Structures are given as C-alpha cells and as structure tokens.
2 protein chains.
Amino acid sequence: MPAIKDVARRAGVSVATVSRVLNDHPSVRPDTRERVLAAVADLGYRPNAVARSLRTDQTRTLGLVISDVLNPFFTELARSVEDAARELDYSVIIGNADERPELQDHHVRTLMDRRIDGLLVSPTDGGSPMMLAAARAGTPMVFVDRWIEGEGLDAVPVIRTDGRSAIRDLVDHLCALGHRRLAIIAGPAATTTGRERVDAFRSALREFGLALSEDHIGQGDFQADSGRRVTARFLDLPRPPDAIFAADNLMALGAMDEIRARGLRVPDDVALAAFDDIPWFVHTDPPITAVAQPTGALGHASVRALIDLVEGRPAESVTLSARLVTRRSCGEPEGSTP
Amino acid sequence: MPAIKDVARRAGVSVATVSRVLNDHPSVRPDTRERVLAAVADLGYRPNAVARSLRTDQTRTLGLVISDVLNPFFTELARSVEDAARELDYSVIIGNADERPELQDHHVRTLMDRRIDGLLVSPTDGGSPMMLAAARAGTPMVFVDRWIEGEGLDAVPVIRTDGRSAIRDLVDHLCALGHRRLAIIAGPAATTTGRERVDAFRSALREFGLALSEDHIGQGDFQADSGRRVTARFLDLPRPPDAIFAADNLMALGAMDEIRARGLRVPDDVALAAFDDIPWFVHTDPPITAVAQPTGALGHASVRALIDLVEGRPAESVTLSARLVTRRSCGEPEGSTP
DNA sequence: CCTCCTTGTGGAATCGATTACATGGGATTG
DNA sequence: CAATCCCATGTAATCGATTCCACAAGGAGG
C-alpha cells in the first residue's frame, strides 16, 4: 500500500507538495498538480486515514450507540443516521448495547479510544460511568430517542419524539371502541422512554375518566420475552384487561405470542397496540395499530445537531411528534392508514 | 485527554516504560509498574488507538459490508458477527450497501482508508472495482452469504448456506399439499444467492416431475417493492401460479401486500413461502413457511475464518445447511416448528 | 578483583500524514 | 536599478504510540 512519500518520489516533488495537492491548497502550480495527480492515479494511492487523524486530531467519524440492533426501530434509525452522516462526509461506527449497560459502556469506551469526533447515544440505563467521562472529556454528544440525567449531562441536546398526543389519540380510539380496562407493558423504568410512555398513557386515561391500576402496569425490558411474561400476568388476573398497549414493537410481538398461545383472539378477546410502527405490522394477524415515530427525521436531526457541536456551533434539542396509525388490532374494521 | 507522556511525567519514568507496562512486557520492576499503573488510574489515561494503529500497522478492526441493514437476516448476521469479533477483541465497522454497487464501493473504500485488518463482505453485485483492488492489495477478505468471481477473488473463502436440500423439502411439501403450478420470485441474477435459489428450485421441481416455465420466474431485487411487482405479474397470468416462493423475506412481504390487495387469501388462493426465516413470520396472517439459515453460525464462522486470515493462518470456505420451517402459508393445518 | 552477563530503564527512530517556517527566484514598484 | 513582495516549493517539527539500541548497575564466575 503506497504512502505519500512514494507518490512524492514518483512525481519528483516533496511530500509537502503532494499533501497540498491532496488538500487542494491554492499555491501549487497547475503542471505540478497534474504530475502529482498522475502519480496518485498510477500508484492507486489513498491517504492513510489513521495517520491523517493522528495529525489533525479529527477522524470524521461519529459513534452511534443504540440499545438493540434487532429492534427494527433502531435499525431504521441507524440507517437514517448513516445516510445523513455520509451526506456530510462523515462515517458512522455503530455499537449495539443489547439493552445491557456494561455492553453500552464497552462501546462508548472503544469509540472514545478511537477518538471519534462525536457520540450519538440512545442510552440503555441510568448510571453509565463512561458516558459521564465522555461528557467530561468534552466529547461532542447528543442523545437520541432516550436520554439520561447526570452531572454534566444537562447540556447534552436530546433529539426525541413526543408520543403524548398520539398516545392520547390511541386511548381515545380504544375508548371509542368500547375498551375500558386498559393495561400497559412498560419499558424499563431506568429509561426515559420507559417512564414517559407510562405517564402519557396514565394522563390520557385520566382524561377519559379511567384509572390505571397498578396491576395493569407490567414491567418489561423492551424485549419480546418480557412482553410475553407481562401479558401472561395480565391474562391471569381475575378480571384481565380488554386492551394492552406495548411500549415497543418487540414486546408487542411477545404479547401476541402469549395471547395466541392461550387460544385467545385479537381484538375480540383483547385489543393490542404498540409504540413504534414497523413494516411487518401491516401483515400480522390482525394488522397492529401503532404509534409511529418519524424515524428518518429523528436520525437526520440527530446528525445535524451532533455535527453542529463537532464543528463548534451551538446545537439545540429537538422534539418531533408521533402519530397514531390505526389498524384492526383494536377492533375497528379498518381505520386510517391500512 | 492525557497522552502517554503525561503518564510518564506523573510516574517519573520515560514513555518507553509506560508503554512496556501497558503491553505487559516482562522486564519492568514491580514497584515501577505499580507507580505507572497508579498514574494511569489517576489521569484516567486511555491509549490513543489511532496512534497505536499507525505504529503497529493494525487496527484490530474488521469491516463488514452488508447488502441491506433493513433486512432482518442481515441485521441478525451483523449482530452475530459483532458478537464473535468482540469475543476475540476485535471491533466491527458496518457498511450498509443498500443493494447499490456504488454504495458498496464507497464503504469498501472508506474501510480500506481506515486500514481495517480484514474485510467481510456479502457482495451486492458482480463488478466491484474496489473489491478487486482490496483483494489485490492483500487485505484479508472473506465472503459471507453471497460471493463474486473475479481475478484474484478465487482464493477468498466463502462462508455460506446451502439451501438446496431445504428447497427440495419445500417443493416436496408444496406438492404434497396439491400445488402444481409453482413460481419463484428470484433475486438479482448478479448475486450468487439470486441464481442459486432459482437453480435449486428448478432442480427440485424436475425431481417431482414438474417444469419451471419462464413466466413463473420473476426478477426481483431482494426488496419488498420488487416482490410486489413480480407477484402482480404472476397473478395477471391467464393461469396464475398456485404457490409462490420468494427468494428472501422482504420480497415475501411485498408478495403478501399484493395478494392481500387483490382480496386473495393465503394459502387458499395462493400458497407462499420464503427464503430466510425471521421472528415476524410466526405472526403474519397466516404464519409463513420459510427456509431458515443458521444465521448465528454463519456469523461466527465468518469471523473465525477472517481472523485466521488476518493472523496469518490459512482459512477455508464453509458451507452450512438450511432447513425448512413449516407453517400455515402453504396449506397444512400446522407443520413441524410453529 | 576483574570481566561478563543480566536486568531495568531511557533515548531516539519510526509509522504517514499536515503545516509552520525557510528559501530562492521572478515580478512589481519607487 | 535596488528594494520588496509573492509564489511555489522544500525542510523539518509534530501528533501519540511502539520498539530497537545503548547504557548503567549489580551479580556471577574465574
């Protein structure tokens, strides 16, 4: 693999001149530039990004730590982040935390070791030492979807979706269809999205004159299995709920598993709805009503904010809104978007 | 962010000694080692991976270029690759080609610029100049799932799944259920998996005394839309097929879209099966029969082969086998695995 | 007691780029 | 015509690590 000095030798110039051509510095004579470019082409030379990063102290790389790659919401997010970054000539390194704090820390550490220019995180848990360290070290950082609180973390912009109004619409929809005993499979209390969705659900119920009793709140962990366990508990209740809202799509999958395993039917025996819309919801039996996040916009806004920070501009938090997509899983023949 | 010389100063030793401690070189006096370690802890020092890579000429990083992150098969593959790599102390940088050759080349180029130690590719297309260049440059390289041919590429190990016998089982299953007019939504002819699945399907049909007529082979591109288009063409035929086999899960999704849009029913009007099994297939209406690849094993085997190459050991191609998972989409009440 | 070897440590070169500073020659200007 | 400036280029320092080589001190062996 040729280095810059090989190019210099072949073009009969110094390495400084080659570097100037490559970074198109103005003061290089046109014919010299030609010679250098020719040498570059002949040798198939590509600048060593490692060496360049060491010298310039920037890697043009963003780190993205997500909670779970297998969750379609996050893969879609990752994809839109990569797209947005590529457009601005940045690369993205993805770390999958699998909803495990220690894995999240592992990735933050590796990314910092690699001296990435900025960190985009959808945090898994409250107390991440590495994240605090990163913030303290002055690494540009942006939270996406979820966020955590902590010393030095209050200045970190948060790019997120506000689901309150869509959740209110969902409760409205459920009530209109005659459901009265609503339950929720919550996400981990350590995550903001976990708490927030429960709060929004509770407020919406109150607005419709309903209460959310403790045994209608199940603790899940955003994984399918937990959705299944919580649903089992719900259905074992003396008066089981007649509608279940899962705080993410994987737990909805688990809920469906359990409902079906008991020979019950959606929506006749129990209605089902989920936070996060994914392509497969159109094809489940029945199609699932969901609160849809504007994933693409979320990814783009995060990258914009992070790169603003990286390049020394101020960045602000952004809150987008979710919307309800009505399908058959709550009882109506067919709602808005099919 | 402290550098090695800060640690050296604080511990009252030279940078050479610090480096020796960090790479646990034997000849360092125990008390010196203690002092250095204490300084490291005090400063929260972490070695700069960029500088280290420049010097040692290795990054302990693998590049993984996949055809489409949104395809659950590939995210699962990516995840297992990352798991396997992490266990061996390697990181993985994922590039998503989105089934677009130019994006694939972009990623291969960026990864090479970063001087990754090895490249794991599931190639999108036949003629990738960068991939040939990478192979020629001597970068350790392994193909996973798909492969391409070309000058200097014949030595590249291929880690893949052989679907022939599972596809034969599928055809057997379809025939047993009375289907006779079988059609296939093929992948791009430029990909090996595209061609191979058609071949296997054709051979299996022949074995059961059936022919695969040209108008029962639809050209897809592994994306949902193409599955829909091809299915439309099938259903417009004077004598439409009574069973459709999609060569990947996204095209199966598209096929379902189209079938449902026409008010037809699976499996009564037309049976459906797919290559690649994914969790959602259990919950579609009806649950979809699929050929399942051992994705985790595929990822692990790829990493093992690639790291063998990276560390100078010889590596061999591996072929695993797929198996049929029977569900209701072809007509049976309920087969083996639900 | 002198020589030789071992052990622990420091100095300095090195990896491949970028960039501040130096330099020489030609053009501009008073 | 001399002084000045600018343009094009080269020399060398630098980024943060690793590692070869040199060297000093101490122990072993004759």
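To find a chain, count down the sequence lines: A is the first, B the second, and so on, and within it residues start at 1. Because the structure is a prediction, the values reported are computed rather than measured.
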Check: When we call it a touch if two heavy atoms are under 4.0 Å apart, what does B:T32 touch: a base, just sugar-phosphate, or nothing?
Finding: sugar-phosphate
Check: Any chance the side chains of B:H300 and B:E87 put a donor and an acceptor closer than 3.5 Å?
Finding: no
Note to self: In whole Å, I'd like the distance from the NE2 atom of B:H25 to the P atom of C:dG8.
What the structure shows: 9 Å
Taking only nitrogen or oxygen atoms into account, show me every contact under 3.5 Å that the protein makes with nucleotides 14-21 of chain D, one pair per line with its distance.
from   : atom 1 : to    : atom 2 : distance (Å)
D:dT14 : O2     : A:R55 : NH1    : 3.0
D:dG16 : N2     : B:A51 : O      : 3.4
D:dA17 : OP1    : B:Y45 : OH     : 2.7
D:dA17 : OP1    : B:N48 : N      : 2.7
D:dA17 : OP2    : B:I4  : N      : 2.2
D:dA17 : OP2    : B:Y45 : OH     : 3.4
D:dA17 : O5'    : B:Y45 : OH     : 3.3
D:dT18 : OP1    : B:N23 : OD1    : 3.4
D:dT18 : OP1    : B:N23 : ND2    : 3.3
D:dT18 : OP1    : B:R52 : NH1    : 3.0
D:dT18 : OP2    : B:S19 : OG     : 2.6
D:dT18 : OP2    : B:N23 : ND2    : 3.3
D:dT18 : O2     : B:R55 : NH1    : 2.2

Checklist line | Non-hydrogen side-chain atoms of B:I4 and B:Y45 separated by less than 4.5 Å | finding: yes
Check: In terms of side-chain geometry, is the basic nitrogen of B:R46 or A:D113 positioned less than 4.0 Å from the acidic oxygen of its partner?
Finding: yes
Margin query: Keeping A:S67 on the side-chain end and A:E99 on the backbone end, is there a donor-acceptor pair under 3.5 Å?
Written below: no
Next item on the list: Kindly say whether B:V21 contributes a backbone atom to a donor-acceptor pair with the side chain of B:H25 at under 3.5 angstrom?
Entry: no
Margin query: Just so I know, are the side chains of A:T161 and A:T319 near enough to count as touching, which here means a heavy-atom distance under 4.5 Å?
Written below: no
Item checked: Whole-Å gap separating C1' (D:dA8) and CG (A:D31) -> 10 Å
Item checked: Salt-bridge present (B:R79, B:D83; N to O < 4.0 Å) -> yes
Margin query: Is the shortest side-chain heavy-atom distance between B:R60 and B:Q58 below 4.5 Å?
Written below: yes
Checklist line | Axial bend angle, the helix from C:dC1-D:dG30 to C:dG30-D:dC1: five-pair end segments, nearest 10° | finding: 50°
Next item on the list: Figure out the CZ/P separation between B:R33 and C:dT9, and round it to whole Å.
Entry: 10 Å
